[in-house]
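As the structure is a computational prediction, the values presented were derived from the model and not from experiment. Below, chain A is the first sequence line, B the second, and so on; all start at residue 1. These values consider heavy atoms only, across backbone and side chains, with no hydrogens, waters or symmetry-generated copies.
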There are 2 protein chains.
Amino acid sequence: MLEGKWKLVILFHLFGGRVLRFSELERAIPAISQKMLIQQLRQLESDGIVRRIVHPEVPPRVEYRLTDWGQSLCPALDALLQWAERRPDA
Amino acid sequence: MLEGKWKLVILFHLFGGRVLRFSELERAIPAISQKMLIQQLRQLESDGIVRRIVHPEVPPRVEYRLTDWGQSLCPALDALLQWAERRPDA
DNA sequence: CGCGATTCTTACCTGCAGGTGAGTCCCCCA
DNA sequence: TGGGGGACTCACCTGCAGGTAAGAATCGCG
């Protein structure tokens, strides 16, 4: 569920309860293509990690935030980060 | 460093300080090909996660175990597992 | 002498993850 | 009336992760 080049990058932008719209994510991750961003967001959504909120406005506005379960992933990933930082000079 | 289809599978077999030789890993993970097993072990070794011990015998014997740093990855992955188990019925 | 065990290597192939560029739909507003 | 902003969607392509099969080095043993 977390594999792939972009999933974690997206998640790190959403941790802390941040709510971002599509174009904000695009700007936050300049290297990603629109197609990939959508694709990964849809997968994260169908896995129940992020929630997608469409505001029926014109121009359209779509916001993404973590679900409670998605948010609870944060400490586990933090543990991984701390492990990586403890790496003996390889 | 942990990406790919096999890295985590291999690691889970080595957690708990287990020391396994090549052929034991082959048997423990029947679905993996020899090429992949070697390739992934070499990468894990060059990343400092597993240690490779060659016994100069005939027939050759090669053992793999986690480094201290590799072993310290266990709790972090456990946190991930627990997160996965907490998943609301998707 | 030739076979088998063990660990690794090499060559080749396939499928899919990921990249690129263009097109679509909708409505407001100048 | 058409241009522009926003969020996609589509068709196509490339590269690499991963799979398959065979070969190679070593020596002890029947």
Side-chain angles (χ1 to χ4, degrees), chain A residues 1-14 18-67 70 73 77 80 84 90, chain B residues 1-14 18-67 70 73 77 80 84 90:
Chain A
M1 278 174 36
L2 302 174
E3 261 192 12
K5 193 173 174 179
W6 299 109
K7 297 265 179 65
L8 293 184
V9 181
I10 296 174
L11 289 183
F12 279 117
H13 280 280
L14 292 174
R18 270 186 292 275
V19 181
L20 295 175
R21 35 193 309 196
F22 185 83
S23 50
E24 287 173 327
L25 280 169
E26 256 188 298
R27 259 172 276 125
I29 315 174
I32 201 176
S33 66
Q34 284 192 330
K35 173 195 157 192
M36 275 296 118
L37 183 52
I38 285 204
Q39 197 176 96
Q40 304 301 304
L41 282 169
R42 288 288 160 84
Q43 287 181 27
L44 289 170
E45 186 196 3
S46 79
D47 284 334
I49 298 175
V50 310
R51 194 175 336 179
R52 182 165 171 273
I53 305 143
V54 183
H55 299 264
E57 306 172 359
V58 166
R61 189 156 60 96
V62 184
E63 291 180 335
Y64 297 91
R65 67 171 62 189
L66 291 174
T67 62
L73 172 59
L77 290 186
L80 269 189
Chain B
M1 279 174 36
L2 302 174
E3 261 192 12
K5 193 172 173 180
W6 299 110
K7 297 265 179 65
L8 293 184
V9 182
I10 296 173
L11 288 184
F12 279 118
H13 280 280
L14 292 174
R18 271 187 291 275
V19 180
L20 296 176
R21 35 191 310 198
F22 185 83
S23 49
E24 287 173 327
L25 280 170
E26 256 188 299
R27 258 172 277 125
I29 315 173
I32 200 176
S33 67
Q34 285 191 330
K35 174 196 157 192
M36 275 296 119
L37 184 52
I38 284 203
Q39 196 176 95
Q40 305 301 304
L41 282 171
R42 289 288 158 84
Q43 286 181 26
L44 289 170
E45 188 198 4
S46 77
D47 284 334
I49 297 175
V50 311
R51 193 173 336 179
R52 184 165 169 271
I53 304 144
V54 184
H55 298 264
E57 307 173 0
V58 165
R61 188 156 61 93
V62 184
E63 291 180 336
Y64 297 90
R65 69 169 63 188
L66 291 175
T67 61
L73 172 59
L77 290 186
L80 269 188

[X]: what forms a side-chain hydrogen bond (donor to acceptor under 3.5 Å, both in side chains) with it, not counting sequence neighbours?
{"X": "A:Glu57", "result": "A:Arg61"}
{"X": "B:Arg42", "result": "none"}
{"X": "A:Gln43", "result": "A:Lys7"}
{"X": "A:Glu26", "result": "A:Gln34"}

Return the value, rounded to whole Å, for the distance between atom CD of B:Glu26 and atom P of C:dT7.
8 Å

Could you state the atom-to-atom distance from CZ of B:Phe22 to C1' of C:dA5 in whole Å?
13 Å

With sequence neighbours excluded, residues passing side chain to side chain contact (heavy atoms under 4.5 Å, CB included) with B:Lys35
B:Ser33, B:Gln39

Sequence neighbours excluded, the answer for side chain to side chain contact (heavy atoms under 4.5 Å, CB included) partners of B:Val19 is B:Glu63, B:Arg65

Terminal contacting nucleotides, 5' and 3', DNA chain D versus chain B (heavy atom, 4.0 Å):
D:dG18 to D:dC27

State, to 0.1 Å, how close [X] and [Y] come at their nearest heavy-atom pair, and which atoms those are.
{"X": "B:Glu3", "Y": "A:Gly4", "result": "OE2-O, 3.3 Å"}
{"X": "A:Val9", "Y": "A:Lys5", "result": "CG2-O, 3.8 Å"}
{"X": "A:Leu14", "Y": "A:Leu66", "result": "O-CD1, 3.6 Å"}
{"X": "B:Pro60", "Y": "B:Arg21", "result": "O-NH2, 3.8 Å"}
{"X": "B:Asp47", "Y": "B:Met1", "result": "OD2-CG, 3.6 Å"}

Please report how far the helix from C:dC1-D:dG30 to C:dA30-D:dT1 bends, comparing the axis fitted to its first five pairs with the axis fitted to its last five, to the nearest 10 degrees.
30°

Going 5' to 3' along nucleotides 19-29 of chain C, which nucleotides have protein heavy atoms under 4.0 Å from the base (write B), which only from the sugar-phosphate (write S), and which from neither (write -)?
BB------SS-

Short side-chain N/O contact from [X] to OP1 or OP2 of [N], under 4.0 Å:
{"X": "B:Ser23", "N": "C:dT7", "answer": "yes"}
{"X": "B:Arg61", "N": "C:dT6", "answer": "no"}
{"X": "B:Tyr64", "N": "C:dT7", "answer": "no"}

Where each residue is assigned the nucleotide of DNA chain D containing its nearest heavy atom, which of A:Glu63 and A:Glu3 is assigned the position nearer the 5′ end?
A:Glu63

